[in-house]
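Below, read A as the first sequence line, B as the second, and so on, with proteins coming before strands; counting in each chain starts at 1.
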Number of protein chains: 2
Amino acid sequence: MKKTYLGEFEEVVLTMVGVIGEGAYGNRIVEEVEKQLNRSVNLSAVHITLYRLEDKGLVSSDMGGVTSSRGGRRKRFFKITNPGLAMLKDLQEQRTKLWKLIPGMNSSAL
Amino acid sequence: MKKTYLGEFEEVVLTMVGVIGEGAYGNRIVEEVEKQLNRSVNLSAVHITLYRLEDKGLVSSDMGGVTSSRGGRRKRFFKITNPGLAMLKDLQEQRTKLWKLIPGMNSSAL
DNA sequence: TCTCATTTCTCTACAGTGTAAAGAATCTCT
DNA sequence: AGAGATTCTTTACACTGTAGAGAAATGAGA
């Protein structure tokens, strides 16, 4: 649990963990980012970012069971914490407020 | 004009330039950030960020006239460009879409 | 006009974040 | 037990966040 500041990609990953809900882990998050944002990302970029989020207390993790149908290392599952959700809400509130003050921004898009 | 990626503080500054509209310059932006986000920022942090935004073509700048009532160096005024506004719109659209997918997020806050 | 105080911009520096690549660990199947 | 598959972990470096020092330009007063 370090600073409370959140970088751009950290916010993306945190958001995806929230969107996925149960069963969020490395490759699943990569797929979700590519599907939702149409943006290619690296698996280890996601992992290192998840660790940083965990250091900040915004996500928590535990190792999954040995239920894999196919071979491979055990998955580490992540889920968003209450502070993590609160941070997303703060960002949401902050931005919606500001967007309404910018001429040329379409408020009805909200 | 370099990459198109936008960091967290870069987005804040870009947004403020959009909010202020006419007459956005260093100290004015500092004040606006502290007022809107209740967050203390350094003047040179704002400046270096403005230059990076200008490199990316998201804001443009020109020097102000000699109309200062009190002494001091001339101001450099910044304004948001069309690509800059388009980027904010993209971010807005992207996030509102994702927020609606997260259980526990209040969509009515939008 | 010269110096001073004021205001703002510019440069330098370093920690934090974004991203990729290489490698280690652990599982299933034969 | 060995081979292949899948995922996690470590290492590394460019980009972004932030602060501090200092240079430049303007108005006021001696």
Looking at [N], I'd like to know if its phosphate oxygens (OP1 or OP2) sit under 4.0 Å from a side-chain N or O belonging to [X].
{"X": "Arg74(B)", "N": "dT10(C)", "value": "no"}
{"X": "Asn42(B)", "N": "dT18(D)", "value": "no"}
{"X": "His47(A)", "N": "dT9(D)", "value": "no"}
{"X": "Tyr25(A)", "N": "dC8(D)", "value": "no"}

Distance, rounded to the nearest Å, where [X] contributes [atom1] and [N] contributes [atom2]:
{"X": "Tyr51(B)", "N": "dT8(C)", "atom1": "OH", "atom2": "P", "value": "13 Å"}
{"X": "Phe78(A)", "N": "dT7(D)", "atom1": "CZ", "atom2": "P", "value": "14 Å"}
{"X": "Glu31(B)", "N": "dT7(C)", "atom1": "CD", "atom2": "P", "value": "12 Å"}
{"X": "Glu10(B)", "N": "dG16(C)", "atom1": "CD", "atom2": "P", "value": "18 Å"}
{"X": "Ile48(B)", "N": "dA21(D)", "atom1": "CD1", "atom2": "P", "value": "16 Å"}
{"X": "Leu37(A)", "N": "dG18(C)", "atom1": "CG", "atom2": "C1'", "value": "15 Å"}
{"X": "Tyr5(A)", "N": "dA19(D)", "atom1": "OH", "atom2": "C1'", "value": "15 Å"}
{"X": "Glu54(A)", "N": "dC8(D)", "atom1": "CD", "atom2": "C1'", "value": "13 Å"}

Of the nucleotides [options], which has the atom closest to the [X] side chain?
{"X": "Arg76(A)", "options": "dG18(C), dC8(D), dT16(D)", "value": "dC8(D)"}
{"X": "Arg52(A)", "options": "dT7(D), dT19(C), dG20(D)", "value": "dT19(C)"}
{"X": "Ser44(A)", "options": "dT8(C), dA19(D), dA22(C)", "value": "dA22(C)"}
{"X": "Lys75(B)", "options": "dT19(C), dC9(C), dG20(D)", "value": "dC9(C)"}
{"X": "Glu8(A)", "options": "dG18(C), dT16(D), dT18(D)", "value": "dG18(C)"}

Just checking, any donor-acceptor pair under 3.5 angstrom between side chains of Glu54(A) and Ser61(A)?
-> yes

Could you verify whether a donor N or O on one side chain and an acceptor N or O on the other, from Ser40(A) and Glu34(A), lie under 3.5 Å apart?
-> no

Side chain proximity check, Val17(A) to Leu50(A), heavy atoms < 4.5 angstrom | yes

Beyond-backbone contact of Leu58(B) with Glu10(B), side-chain heavy atoms, under 4.5 angstrom =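 The answer is no; the side chains never approach within 4.5 Å.
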
Can we say Glu32(A) and Arg28(A) salt-bridge, meaning some charged N sits less than 4.0 Å from an Asp/Glu carboxylate O?
->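 Yes, charged N to carboxylate O under 4.0 Å.
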
Does Arg73(A) get its side chain close enough to the base of dC27(C), under 3.5 Å, for a donor-acceptor pair?
-> no

